[in-house]
Amino acid sequence: MRIATWNVNSVKARLPVVVDWLGEVQPDVALLQEIKCEADAFPQEAIGDLGYNMAVVGQRAYNGVAILSKRPLEDVREGLPGDPEDEQARYVEATVDGVRIASLYLPNGNPVSDATGQLSDKYTYKLAWMDRLRDRAADLLNEDWTFVLGGDFNVIPQAMDCYDPAGWAEDALYRLETRRSFRSLVHLGLVDAYRALHDGAGAYTFWDYQGGAWNKDNGIRIDHLLLSPQASDRLDACEIDRKPRGRAKASDHTPVIVTLKDRGLP
DNA sequence: ATGGTAGACCCTCTA
């Protein structure tokens with residue numbers, strides 16, 4: 001099973017690019033983020049024509065996540081548990097062939113500080129959301145699921161995942177409190193699929209539209225696929241596909257694809 | 001020193 005994750009930065013603006021890529025790469029499952037539309041406005045025909053079922057959690061103008069799957073989607077859960085007041089469309093989870101799969105768009109959290117120098121509402125929301133995600137992962141572990149948490153985590157895990165770590169030291173995507181929280185999630189027993197198979201710096205999934213970041217390769221690695229122990233036993237490959245970032249009308253993110261074997265270690 | 005990119009939407013916000 002091949003599972004891709006991709007922040008498309010508006011599924012409407014990106015539709016030709018997304019349709020071309022899905023048609024060419026044919027992942028079994030595609031996790032999309034920042035679709036930036038309500039579920040009713042999702043391009044169901046164009047995606048359905050490619051052979052995908054879909055689970056969509058959307059909202060007007062911002063955020064929005066989806067799971068596309070060639071195999072049936074079962075037991076769809078909309079939203080991350082832990083805060084009934086949270087109306088932002090950032091989480092959807094479903095079962096595909098016995099694997100529990102989430103598409104998540106973790107809050108950005110910038111700016112970190114407000115006018116009075118306190119931590120901003122945006123950043124405290126990010127940290128609270130990460131706590132809820134850790135709680136959800138703990139529940140899935142306790143239930144012994146084979147699972148994959150994929151999406152735009154808005155977290156740079158290590159210095160090697162950033163072209164200029166010193167410059168990003170106080171950014172919400174990299175500051176110590178963010179990395180500590182991400183580690184506390186991973187240390188429940190999850191595996192960062194890309195980092196399990198690749199060493200070294202320079203593997204990025206996001207390049208800002210501004211400042212010629214793509215041409216300078218000023219990138220960061222913030223799109224991740226975290227595997228449960230049973231899923232990591234099936235880990236076969238994980239690659240970043242840089243090609244879509246170089247296209248005309250590109251998203252600022254590019255896809256990451258993990259391949260799971262049909263069965264675990266012998 | 002300023003604006004610099006992109007998307008959604010109603011002009012400013014988010015990233």
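Computed over heavy atoms, backbone and side chain alike; hydrogens, waters and symmetry mates excluded.
- Geometric assessment of A:R179 against the ring of A:Y174 yields a positive cation-pi assignment under the 6.0 Å and 45° thresholds.
- Ring geometry for A:H224 against A:F182 counts as tilted: the plane angle lies between 30° and 60°, on a 0 to 90° scale.
- Between B:dT14 and B:dC10, the distance separating the two C1' atoms is 15 Å to the nearest Å.
- Taking atom CG of A:L106 as the reference point, atom P of B:dT14 lies 17 Å away to the nearest angstrom.
- Side-chain contact check for A:Q230 versus A:D144: some heavy-atom pair is nearer than 4.5 Å.
- Of the candidates B:dT14, B:dA6, B:dG4, B:dA6 carries the atom nearest the A:Y209 side chain, counting heavy atoms from C-beta on.
- Rounded to whole Å, the distance from CG on A:D208 to P on B:dG3 is 18 Å.
- Remark: A:H253 engages A:F206 in a ring pair (Phe, Tyr, Trp, His ring centres under 6.0 Å) (not counting sequence neighbours).
- Nucleotides B:dT12 and B:dA1 are separated by 24 Å at their C1' atoms, to the nearest Å.
- Using the six-membered ring where Trp is involved, A:Y204 and A:W207 have ring planes that are perpendicular, over 60° apart on the 30 and 60° scheme.
- Remark: A:R183 pairs with no residue by the side chain to side chain donor-acceptor pair (under 3.5 Å) rule, at least two apart or across chains.
- With rounding to whole Å, A:Q88 atom CD is found 12 Å from B:dC13 atom C1'.
- Distance from the side chain of A:R90 is smallest to B:dA15 among B:dA15, B:dA8, B:dA6.
- A:L173 and A:V186 are assigned to two separate hydrophobic clusters, defined by single-linkage of ILVMFWY side chains at heavy-atom distances under 4.5 Å.
- Nucleotide B:dT5 holds its C1' atom 17 Å from the CH2 atom of A:W207, rounded to whole Å.
- Counting to the nearest Å, the P atom of B:dG7 and the NZ atom of A:K12 are 13 Å from each other.
- Listed by residue number, the members of residues 56-64 of chain A with any heavy atom below 4.0 angstrom from DNA chain B are A:R60, A:A61, A:Y62.
- Residue A:F206 is out of contact with every strand shown, counting any heavy-atom pair closer than 4.0 Å.
- In this structure, A:Q210 places its CD atom 13 Å from P of B:dG3, rounding to the nearest Å.
- Position along DNA chain B of the nearest nucleotide to A:A13 versus A:G211 favours A:G211 as the more 5'-ward residue.
- For A:K122, no side-chain nitrogen or oxygen approaches OP1 or OP2 of B:dA15 to under 4.0 Å.
- Phosphate contact (OP1/OP2 of B:dG7, side-chain N/O of A:R14, threshold under 4.0 Å): present.
- Remark on DNA chain B: of its neighbouring residues A:H253 and A:N9, the 5'-side contact belongs to A:N9, judged by nearest-heavy-atom nucleotide.
- Rounded to whole angstrom, the span from the CG atom of A:N110 across to the C1' atom of B:dT14 amounts to 11 Å.
- Protein atom CG of A:D171 is 16 Å distant from nucleotide atom P of B:dT14, rounded to whole Å.
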